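What follows is a short report on a single structure.
Just so it is clear, the structure is predicted and the values come from calculations on it, not from any experiment.
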Amino acid sequence: MTHFDTLETRSADQRAADLAAALPQQIARAKTAPGFARLLADVDPAAITDAQALAALPVLRKSELSRAQGEHPPFGGFTVKPAHGFAHVFQSPGPIYEPGGTDHDWWRMGRFLHAAGIGQGDIVQNCFGYHLTPAGMIFENGARAVGAAVLPAGTGQTELQVTAAHDVGCTAYAGTPDYLKVILDKADEMGVALRFTKAAVGGGALFPSLRKEYADRGISCLQCYATADLGNIAYESAAMEGMIVDEHVIVEIVTPGTGTPVAPGEVGEVVVTSLNPDYPLIRFATGDMSAVMEGASPCGRTNMRIKGWMGRADQTTKIKGMFVRPEQVAALVEKHSEIVKARVIATRVGEMDAMTVQIESPGGDSNAYARSVAEVLKLKGAIEVVAPGTLPKDGLVIEDQRRYD
């Protein structure tokens, strides 16, 4: 079957009619959640039938969600049922807590895996993390929706990953874009032949050169744009012309820091409304930047397309699949009294993300700094200790030197 379901090929009129029916129900559902009851107190759900009406509602930012969760744990009052009503509770850096379900394709990842050609007969080596974070379960849930088996590999222990992939006969990979190369290179080193022909990736940039390397190895690699809070937002098809918006979310591109939509084609912040009845996030600001693409995908899917991830509205940057936030850099500085300031630099070494942390300090133990970086940023990186006054006075604490074209 070419498409996952008939929703993907709806006419514009049918999609608008379906949205006009679904959106008021979701707004009404959201108003039953204490967190949204305050934000939407004066909103008439029956009046919110399209994206234009939706744009008049307030934007929910991750900082507000985090604050509310601190006051009303674990979900801040933004769910329509209590924590024990969900199958899972996950934690992301912040900490921010997200609910999870095991209902059929709860995160809607099956649509992407189907577009990537994954289905019955495939065994997916799922290298997304399972420990506290939802990524592993998000992709496992999607694999079940398309009838594929899963090897829940998680991250690390690359030699064991290679051995398991060979012994089990894994045909598809799911994980961050660059970790597949680590596995393939290790397999070459070990003299082990693997059977991967498909890859479904997310959590980082898929650079054209890396995609080509996989294609040269006989592996078709497609990427999706998903978050722990919202699940699948948009995904590539075999046409590889932009990312097609999922059928159960509404995507707006707005001026960063506001809720005002930009003109079609302009770059702005991605704001998403989810139609998930269990977790009705309304106008949730992702902090990511993108732009709408004109026209429809050549693959026949008719929903709106976006250009994919185009950076962050703030300085938050994703490195090796993990977000690094300015407040984490501030916490690193506060951890050592002699540090004047610090700067995180994201680069590429070969086809993999790399991180360097420049620390302005009159001295100090670089090994101690490295341990603090791993503890606070949740990533390991190179440490450069520089003299006070060395770092630029440009306001940047996170500098992304990678190129995405």
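- A salt bridge links Arg217 with Asp185: at least one charged nitrogen is closer than 4.0 Å to a carboxylate oxygen.
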>> Between Leu222 and Met240, is the side chain to side chain contact (heavy atoms under 4.5 Å, CB included) condition met? List the steps.
In response: CA-CA 8 Å; Leu222 298 181; Met240 290 189 286; 3.5 Å; yes
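- Annotation: side chain of Leu230 is not in contact with side chain of Val249 (no heavy-atom distance under 4.5 Å).
- With hydrogens and angles ignored, the 3.5 Å screen pairs no side-chain donor or acceptor of Gln358 with any backbone N or O of Glu384.
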>> What verdict does the side chain to side chain donor-acceptor pair (under 3.5 Å) test give for Ser361 and His336, after you've listed the backbone C-alpha separation in whole Å, the side-chain angles of each residue and the deciding distance to 0.1 Å?
In response: CA-CA 10 Å; Ser361 171; His336 298 270; over 6 Å; no
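- Within a 6.0 Å sphere centred on CD of Gln157, other residues, nucleotides and ligands contribute 12 heavy atoms or fewer.
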Could you list the donor-acceptor pairs under 3.5 angstrom formed by side chains in residues 194-208, with sequence neighbours left out?
from: Lys198; atom 1: NZ; to: Gly117; atom 2: O; distance (Å): 2.9
from: Lys198; atom 1: NZ; to: Asp122; atom 2: OD1; distance (Å): 3.1
from: Lys198; atom 1: NZ; to: Asp122; atom 2: OD2; distance (Å): 2.8

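- Between the Arg305 side chain and the Glu294 main chain, a donor and an acceptor come within less than 3.5 Å of each other.
- Side-chain atoms of Thr32 never come within 3.5 Å of backbone atoms of Ala28 as a donor-acceptor pair (strictly under, hydrogens ignored).
- Although no hydrogens or angles enter the test, the distance criterion places a donor-acceptor pair under 3.5 Å between the side chain of Gln328 and the main chain of Arg325.
- Taking the side chain as every heavy atom from C-beta outward, Val162 and Glu189 never approach each other to under 4.5 Å.
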>> Assess the residue pair Met355 and Leu377 against the criterion (side chain to side chain contact (heavy atoms under 4.5 Å, CB included)); give the C-alpha distance rounded to whole Å, side-chain angles, the decisive distance to 0.1 Å, and a yes or no.
In response: CA-CA 11 Å; Met355 181 178 76; Leu377 273 59; 3.9 Å; yes
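- For the salt bridge (Lys or Arg N to Asp or Glu O under 4.0 Å) condition, no pair includes a residue of residues 83-105, sequence neighbours left out.
- Counting only residues at least two apart or in different chains, salt bridge (Lys or Arg N to Asp or Glu O under 4.0 Å) contacts with residues 52-63 comprise Arg61-Glu269, Lys62-Asp229.
- Under the 4.5 Å side-chain criterion, counting only non-hydrogen atoms from C-beta, Pro34 is not in contact with His72.
- At least one donor-acceptor pair closer than 3.5 Å links the side chain of Tyr214 to the backbone N or O of Pro177.
- For Thr302 (side chain) and Glu8 (main-chain N/O), a donor-acceptor pair under 3.5 Å exists by modelled atom type.
- Contact of the Gln161 side chain with the Val182 side chain is not registered, since no non-hydrogen atoms from C-beta on lie closer than 4.5 Å.
- Remark: the backbone N or O of Leu391 is paired with a side-chain donor or acceptor of Glu360 at under 3.5 angstrom.
- Around CE of Met293, the count of heavy atoms belonging to other residues, nucleotides or ligands within 6.0 Å exceeds 12.
- In this structure a side-chain-to-backbone donor-acceptor pair under 3.5 Å is present from Lys31 to Val43.
- A side-chain hydrogen bond (donor to acceptor under 3.5 Å, both in side chains) check over residues 240-252, counting only residues at least two apart or in different chains, returns the pairs Arg10-Glu247, Arg15-Glu247, Arg108-Asp246, Arg111-Asp246, Glu252-Arg283.
- Side-chain atoms of Asp178 and Glu351, non-hydrogen and from C-beta on, never get closer than 4.5 Å to each other.
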Scan the side chains in residues 73-89 for donor-acceptor partners under 3.5 Å anywhere in the protein, sequence neighbours excluded, and list what turns up.
from: Thr79; atom 1: OG1; to: Lys81; atom 2: O; distance (Å): 2.8
from: Lys81; atom 1: NZ; to: Gly85; atom 2: O; distance (Å): 3.3

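- Residues Val254 and Thr260 form no side-chain contact, since every pair of their non-hydrogen atoms from C-beta on lies 4.5 Å or further apart.
- Side-chain contact check for Val267 versus Val262: every heavy-atom pair is 4.5 Å or farther apart.
- Sequence neighbours left out, the pairs with a member in residues 133-182 that pass ring-ring contact (aromatic ring centres under 6.0 Å, His included) are Phe128-Phe139.
- Under the 3.5 Å distance criterion, the side-chain polar atoms of Asn303 are matched with a main-chain donor or acceptor of Val245.
- Side-chain contact between Ser372 and Leu332 is present, with heavy atoms from C-beta onward closer than 4.5 Å.
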> Between Glu334 and Ile339, is a side chain to side chain contact (heavy atoms under 4.5 Å, CB included) present by the stated rule, with each step listed?
Replying inline: CA-CA 8 Å; Glu334 291 174 2; Ile339 295 179; over 6 Å; no
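- Annotation: Gln52, atom CD; neighbour count of heavy atoms from other residues, nucleotides and ligands within 6.0 Å does not exceed 12.
- What you find for Ser237 and Cys299 is that their closest heavy atoms are OG-SG, 3.3 Å.
- For the pair Asn232 (side chain) and Met109 (backbone), a donor-acceptor distance under 3.5 Å is absent.
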> Between Ile183 and Cys127, is a side chain to side chain contact (heavy atoms under 4.5 Å, CB included) present by the stated rule, with each step listed?
Replying inline: CA-CA 10 Å; Ile183 292 175; Cys127 294; 3.9 Å; yes
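- Side chains of Asp288 and Trp309: a donor-acceptor N/O pair is present below 3.5 angstrom, by distance only.
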> Could you go step by step and tell me if Glu71 and Arg38 meet the salt bridge (Lys or Arg N to Asp or Glu O under 4.0 Å) rule?
Replying inline: CA-CA 15 Å; Glu71 296 173 356; Arg38 176 180 57 82; over 6 Å; no
